[in-house]
Amino acid sequence: MAEPGGTGPVGPYPQRVETEEDKTDYDKLRRRVLWTLPYGLYVVGSRATDRRNAMTLNWVTQLAFDPKLIGIGVEQSAHTHELISAGRVFSLNTVAREDRAIVRKFTKPVEVDETAGTLNGFAFHDGATGAPILDQAVAYLDCEVRQSLDLGHHTLFLGEVVDAGFQRDEDTPVLRMEDTRMSYGG
Ligand SMILES: Cc1cc2nc3c(=O)[nH]c(=O)nc-3n(C[C@H](O)[C@H](O)[C@H](O)COP(=O)(O)O)c2cc1C
């Protein structure tokens, strides 16, 4: 995983920031501001030929309503990045609040057991696009990539929703970043 917020102080700096110490302080402050942005917390499934993966992700939002597009920001060093670039599909899984422990399981390389149909021990099935959907997910959005934007350390993948559904009660509270002690980016 990339260092939170980059490897060192990152510009640009406002005019009042002059010394190296000012830059470090400003970098930390800007990070704290960025961390106050409210986020959900999800598991993204990816697939290229017979290779499948799943990873924890919070950088996601809907970006258009006709067509139905969502955007996800994916680290270029992630295995998920390789699979989405090759397979051009991904699934977005929402997670029940009570299942918050699941997100820790998908912040490291995933072990796929095709015979058992599990990713790191969690049962999955393939969605319409072929991307894996966790059986435990409250709901899913199954997407085909329409565009991607290279942002340096990350790529913004724009996926059109080609299938969606609930797998648990629609009122199930879904996980948000503030339900955990985790943070990302900043
Ligand atoms: C709370 C949290 C949020 C994360 N959000 C993102 C994200 O939005 N985008 C991303 O690329 N990685 C994110 N990550 C990091 C990935 O989960 C991590 O790099 C993972 O190991 C990548 O898996 P992969 O290499 O198997 O694809 C997040 C990690 C945590 C703990």
Side-chain angles (χ1 to χ4, degrees), residues 1-7 10 30-63 69-114 118-124 126-127 129-134 136-143 145 147-159 161 173-186:
M1 204 195 320
E3 289 290 309
T7 45
V10 175
R30 184 184 48 199
R31 205 174 280 186
R32 293 202 304 280
V33 174
L34 286 166
W35 280 334
T36 65
L37 299 182
Y39 286 107
L41 202 48
Y42 310 88
V43 175
V44 166
S46 52
R47 168 95 181 259
T49 59
D50 57 350
R51 293 182 298 155
R52 294 175 181 82
N53 197 41
M55 79 162 207
T56 296
L57 169 141
N58 70 306
W59 286 0
V60 59
T61 187
Q62 181 168 358
L63 291 166
L69 288 179
I70 62 167
I72 60 170
V74 181
E75 284 179 26
Q76 295 185 354
S77 58
H79 183 43
T80 295
H81 192 277
E82 192 188 326
L83 295 195
I84 297 180
S85 301
R88 312 297 291 167
V89 296
F90 64 87
S91 67
L92 186 76
N93 297 255
T94 62
V95 176
R97 249 184 188 161
E98 62 184 29
D99 290 345
R100 65 172 62 93
I102 211 176
V103 296
R104 286 214 180 271
K105 307 280 182 185
F106 292 105
T107 57
K108 16 183 173 267
V110 160
E111 274 194 26
V112 188
D113 185 334
E114 277 189 44
T118 58
L119 290 162
N120 274 355
F122 291 90
F124 74 90
D126 292 331
T129 63
I133 293 168
L134 298 179
Q136 222 171 313
V138 175
Y140 64 88
L141 295 169
D142 200 5
C143 302
V145 174
Q147 291 182 58
S148 50
L149 188 59
D150 182 348
L151 302 173
H153 287 110
H154 287 74
T155 296
L156 175 68
F157 290 109
L158 298 190
V161 180
V174 296
L175 191 64
R176 290 141 207 259
M177 196 64 130
E178 71 249 30
D179 298 326
T180 74
R181 291 180 165 198
M182 299 190 222
S183 63
Y184 182 76

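Reckoned from all heavy atoms, side chains included, excluding hydrogens, waters and symmetry mates. Atoms within a ligand are numbered from 1 in the order they appear, just like the ligands themselves.
Neither the backbone nor the side chain of V60 comes within contact range of ligand 1; no heavy atom lies under 4.0 Å. Under 4.0 Å from ligand 1, the heavy atoms of Y184 that appear belong solely to its side chain. Only the side chain of M55 comes within 4.0 Å of ligand 1, counting heavy atoms alone; its backbone N, CA, C and O stay farther away. Contacts between M177 and ligand 1, counted as non-hydrogen atom pairs separated by less than 4.0 Å, involve the side chain only. Using a 4.0 Å cut-off between heavy atoms, M182 contacts ligand 1 through its side chain alone, with no backbone atom that close.
Considering every non-hydrogen atom in both V110 and A54, the closest pair reads CG2-O, 3.2 Å. When all heavy atoms of E114 and D50 are compared, the pair lying nearest together is OE2-O, 3.6 Å. The two residues T155 and Q76 come nearest to each other via the heavy atoms OG1-NE2, 3.0 Å.
Aromatic ring orientation, F122 versus F106: tilted (interplanar angle from 30° to 60°).
A donor-acceptor pair under 3.5 Å is formed between the side chain of T56 and the backbone N or O of V103. Using a distance-only test at 3.5 Å, with no hydrogens or angles considered, a donor-acceptor pair links the side chain of R100 to the main chain of D179. Proximity of a side-chain donor or acceptor of R47 to a complementary backbone N or O of T49 within less than 3.5 Å is detected.
Numbered from 1 in the order shown, with element, the atoms of ligand 1 that lie under 4.0 Å from a heavy atom of N53 read 24 (P), 26 (O), 27 (O). Ligand 1 places these atoms under 4.0 Å from at least one heavy atom of A78: 25 (O), 27 (O). Atoms of ligand 1 lying under 4.0 Å from any heavy atom of K108, numbered from 1 in the order shown and given with element: 21 (O). Atoms of ligand 1 found under 4.0 Å from any heavy atom of F106, numbered from 1 in the order shown, are 17 (O).
The side-chain contact (heavy atoms from CB on, under 4.5 Å) test with N93 singles out one residue from V43, V44, V138, and that residue is V43.
In this structure, V74 has a heavy atom closer than 4.0 Å to ligand 1.
Between H81 and ligand 1, no N or O atom pair is found at a separation short of 3.5 Å. Geometrically, ligand 1 and S77 share no nitrogen or oxygen pair separated by less than 3.5 Å. At least one N or O atom of H79, backbone or side chain, sits closer than 3.5 Å to an N or O atom of ligand 1.
For residues 78-105, the ring pair (Phe, Tyr, Trp, His ring centres under 6.0 Å) pairs, not counting sequence neighbours, are H81-F157.
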